[in-house]
Visitor: 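Below is one structure. I have some questions about it.
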Amino acid sequence: MDVSHIIDPLNDAQRQAVTASSDHMLILAGAGSGKTRVLVHRIAWLLAVDNVSPHNIVAVTFTNKAAAEMRGRIEGMINGSLSGMWVGTFHGLAHRLLRSHWADADLPQGFQILDSDDQFRLVKRIVRGMELDEALWSPRKVQWYINDQKDEGYRASHLDSGGDPYQKQLIQVYLAYEQACQRAGLVDFAELLLRSFELFRDKPEILQHYQQRFAHVLVDEFQDTNTLQYSWIKLLAGAGKVFVVGDDDQSIYGWRGAKVENLQHFQKEFCGENLVRLEQNYRSTGNILGAANALISGNTGRMGKELWSAGDKGELIDIYAAFNELDEAHFVKERIKQWVTDGNSHKECAILYRSNAQSRVFEEVLISSGIAYRVYGGLRFFDRAEIKDALAYLRMMENRSDDSAFERVINTPTRGIGDRSVAMIRDIARGNSITMWEATLSLLSSGQLAARAQNAISGFVNLIDQLQAFAGNFVLAEQVDYVVETSRLIEHYSKDKSEKGQSRKENLEELTNAAKIFQKPQDDGDMTELASFLSHAALEAGESQATDTDDFVQLMTLHSAKGLEFPLVFITGLEEGLFPHGRSLDDNVQLEEERRLCYVGMTRAERKLIMSYAETRRIHGSENYQKASRFIREVPDDFMNEIRPRAQVSRPAMQRPQARKPVRSTILMQDDFEFSLGQRVQHKKFGEGVVLNFEGEGTSARVQVNFEREGSKWLVLAYANLQGA
DNA sequence: AGAGCCATTGTTTTT
DNA sequence: CAATGGCTCT
């Protein structure tokens with residue numbers, strides 16, 4: 001058989017991985033070393049050489065994007081459809097299992113998926129329902145707690161407070177949340193995994209079926225698996241063969257339960273010596289790799305791996321110390337302009353930052369320069385309030401028990417059902433352990449209500465019944481359209497003439513389009529089209545991808561850049577407290593994760609990497625004096641080219657000329673030395689620094705200087721004896 | 001029901 | 001500096 005197309009494009013290490021004959025394999029794949037290629041070729045190899053049926057293969061990824069890419073590349077490689085192969089995300093596959101075995105998993109057939117926003121609201125209602133102090137039991141914290149427990153595989157009933165009253169209360173909230181979800185037929189993201197894990201664990205005949213079927217289990221980004229996912233894989237694989245790809249140096253999700261140690265566990269438990277390292281990098285220049293290697297070598301307990309490249313050393317990494325964040329943005333913009341002038345395109349540039357809020361300054365500067373850009377992450381289509389309203393109506397049609405949807409639309413748009421009525425319904429539901437829908441029906445028939453409330457509430461009940469009765473006859477897009485109209489949601493948002501209101505109206509119209517182009521996946525079996533659409537909306541938040549013809553600069557967090565690559569990469573805001581993030585500074589484990597995050601960012605760059613930080617930055621409205629990130633110091637000088645700051649940028653002049661007191665941009669000193677904001681100066685004792693601010697005149701004039709070594713200080717000019725640097 | 005005001009609170013993110 | 005939430009007042 002001719003397998004040359006499978007193995008010829010591979011280097012030795014890749015080939016060793018793809019053609020391995022051992023039962024289990026661990027592939028430590030460095031950044032840019034061809035990890036997806038190895039997975040795809042491995043599958044092609046199994047099919048072609050080992051004669052494995054596609055039916056016997058399951059491949060698991062973390063993101064929909066990665067799953068889609070893998071599917072596409074497999075189909076390209078084998079020149080046909082996946083025919084029975086399971087390729088999907090952990091959550092997607094778990095969902096599929098639960099849909100097939102809903103009864104065995106103790107779920108109603110029409111169970112719905114809660115996204116994190118839904119989950120947050122539900123937790124909040126439960127905390128309130130239990131009359132707990134929200135300052136102490138902040139819904140956000142409780143939500144974290146619940147998800148953490150589920151990620152570790154714990155039910156409320158497994159947990160022991162150890163006598164701690166706070167802990168005890170948390171467990172009780174968790175329990176109440178579990179019960180509320182169970183009653184309403186709701187499943188959050190972590191629950192998808194936990195339920196399907198328990199399904200395997202408790203129903204041997206089902207487990208056996210899948211174990212027999214999936215003789216080959218492949219997992220991508222294994223360093224991102226949490227405890228529950230590890231157990232899930234282990235259970236599913238049974239005696240089958242497990243092929244795992246990961247990179248301990250790119251583990252950046254520890255804060256949400258991912259366990260890098262799972263790589264070592266896997267090695268110990270499954271594959272022993274059957275380990276291949278992919279260390280040849282095909283992406284970045286020698287200097288970029290050298291710098292990244294040097295940085296990551298500061299971490300302890302690594303599994304060991306050094307990337308190398310056969311290519312050129314390329315250019316040095318530029319480091320720019322900006323005066324403030326606006327200056328930083330202008331610098332980035334200028335370099336992008338230059339890049340494009342040199343004959344390259346905008347879409348080759350990526351601006352990376354630690355947290356989403358940092359995108360704003362870049363956006364403003366890019367807009368005013370007329371440069372097209374796109375921000376990834378942020379609010380997604382299916383997360384928008386108006387879209388969730390519409391989806392909630394659709395969910396009510398599928399499942400009357402869905403309390404989460406019920407709460408959302410009972411009075412949206414307003415129909416005269418006030419807080420008092422809703423509170424009454426909630427109380428009845430809680431008191432009798434029934435759903436809010438049932439509580440509503442019983443309240444209506446009790447005859448306790450005033451005529452006005454009775455009317456309003458029965459209006460709602462009739463509306464939902466009517467939606468279902470009529471919409472049921474339509475195809476999906478018509479159903480959506482009908483619901484948006486009949487619920488008067490569209491009318492409600494149309495009335496709002498502000499820009500926001502209009503865009504909401506348009507989004508609702510767009511939802512109909514989304515329904516039109518939606519195609520029910522074959523995997524979804526006998527689910528209704530609507531049920532399938534709702535799951536899709538929850539599981540795949542619908543980030544549209546850039547097309548080849550779009551040409552815009554890409555802005556995103558370092559986290560969402562993982563897995564991507566760009567010819568020109570900016571890593572911005574490299575400041576202590578920002579990156580590494582302030583909450584990681586006093587904990588070495590977290591600090592190492594920040595360092596890996598920086599490593600991930602650096603290794604995104606193909607040809608040119610530019611790093612920057614600001615000496616002053618406005619955070620939460622107030623000025624802060626920033627110290628350069630330790631990560632800059634950790635990169636050896638021979639890889640770097642430090643760019644001197646330009647010494648005249650001042651925020652007051654550029655941002656809000658009228659709102660500030662008039663600012664002199666220069667200070668005249670007695671020796672006729674002229675200093676300006678942002679200017680570098682030299683002090684005998686404190687060394688070099690940058691002028692940040694000044695006040696007073698003549699002999700009492702004082703300047704604030706941010707010294708590289710000593711931090712920021714106020715000095716009386718007459719005594720300071722500063723020299724220009 | 002909706003506008004307007006004050007206090008609070010701010011990672012990272014996918015599913 | 002925001003966005004958000006709770007509150008009061010109309």
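Letters A, B, ... mirror the listed sequences (proteins, then strands); counts begin at 1. Worth knowing before you read on, the calculation uses all heavy atoms, side chains too, and leaves out hydrogens, waters and symmetry mates.
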Visitor: Quickly work out the A:R595 CZ to B:dT12 C1' distance and round it to whole Å.
Guide: 17 Å
Visitor: Which part of the nucleic acid does A:N411 contact within heavy-atom distance under 4.0 Å: base, sugar-phosphate only, or nothing?
Guide: sugar-phosphate
Visitor: Would you say A:T89 reaches B:dT14's phosphate, i.e. side-chain N/O to OP1/OP2 under 4.0 Å?
Guide: no
Visitor: May I have the distance from A:N356 (atom CG) to C:dC1 (atom C1'), rounded to whole angstrom?
Guide: 16 Å
Visitor: For B:dT11, does the glycosidic angle fall within 90° of 0 (syn) or outside that (anti)?
Guide: syn
Visitor: Can a donor-acceptor pair under 3.5 Å be found between the side-chain atoms of A:S560 and the base atoms of B:dT14?
Guide: no
Visitor: Whole angstrom is fine here: how far is it from CZ in A:R256 over to P in B:dT15?
Guide: 9 Å
Visitor: Polar pairs (N or O, both sides) under 3.5 Å between protein and nucleotides 5-7 of chain C?
Guide:
from, atom 1, to, atom 2, distance (Å)
C:dG6, OP1, A:R128, NH2, 2.0

Visitor: A:Q590 has a side chain; which of B:dT12, C:dC1, B:dT11 sits nearest to it?
Guide: B:dT11
Visitor: Applying salt bridge (charged side-chain N to carboxylate O under 4.0 Å, His left out), can you list everything that pairs with A:R630, at least two apart in sequence or on another chain?
Guide: A:E576
Visitor: Can you measure A:N324 atom CG to C:dC1 atom P for me and round it to whole angstrom units?
Guide: 15 Å
Visitor: Looking at A:D224, A:T63, A:T557, which hits side chain to side chain donor-acceptor pair (under 3.5 Å) with A:K562?
Guide: A:D224
Visitor: Return whichever of A:D419 or A:L597 has its heavy-atom-nearest nucleotide of DNA chain B closer to the 5' end.
Guide: A:D419
Visitor: Under 3.5 Å, is there a donor-acceptor pair between the A:E328 and A:S612 side chains?
Guide: yes
Visitor: Would you mind reading off the distance between A:N147 atom CG and B:dT13 atom P, rounded to a whole angstrom?
Guide: 17 Å
Visitor: Specify the separation, in whole Å, of atom CZ of A:R354 and atom P of B:dT11.
Guide: 11 Å
Visitor: Ring stacking, A:W255 with base of B:dT12, under 5.5 Å and under 30°?
Guide: yes
Visitor: Using whole Å, what does the distance between atom P of nucleotide B:dT14 and atom CG of A:D117 come to?
Guide: 15 Å
Visitor: Remember a base hit wins even if backbone is also touched, and classify A:G582 as base, sugar-phosphate or nothing at under 4.0 Å, heavy atoms.
Guide: nothing
Visitor: Measuring from the side chain of A:T63 (C-beta onward, heavy atoms only), which nucleotide among B:dT13, B:dT11, B:dT14 has the closest atom?
Guide: B:dT14
Visitor: Is A:T572 reaching over with its side chain to a backbone N or O of A:L352, donor-acceptor style, under 3.5 angstrom?
Guide: yes
Visitor: For A:E594, answer base if it contacts any base atom (sugar-phosphate contacts may also be present), sugar-phosphate if it contacts only those atoms, and nothing otherwise; contact means non-hydrogen atoms under 4.0 Å.
Guide: base
Visitor: Could you check whether A:S584 gets within reach of a base, just the sugar-phosphate, or nothing at all, counting any heavy atom under 4.0 Å?
Guide: base
Visitor: As a test of understanding, state which of A:Y230, A:F222, A:W232 forms a ring-ring contact (aromatic ring centres under 6.0 Å, His included) with A:F90.
Guide: A:W232
Visitor: Write down the distance between CG (A:L558) and C1' (B:dT11), rounded to a whole number of angstrom.
Guide: 12 Å
Visitor: We want to know whether A:Q112 and A:N399 form a side-chain donor-acceptor pair, criterion being a heavy-atom distance below 3.5 angstrom.
Guide: no
Visitor: On DNA chain B, does the nearest nucleotide to A:F62 precede the nearest nucleotide to A:H581 from the 5' side, or the other way round? Give the residue.
Guide: A:H581
Visitor: Which atoms form the tightest heavy-atom contact between A:G416 and A:A456, and what is the distance?
Guide: O-CB, 3.8 Å
Visitor: Output yes if the stacking criterion (under 5.5 Å between centres, under 30° between planes) is met for A:H620 over the base of C:dA2, else no.
Guide: no
Visitor: Distance alone, cut at 3.5 Å: any donor-acceptor contact between the side chains of A:Q119 and A:S116?
Guide: no
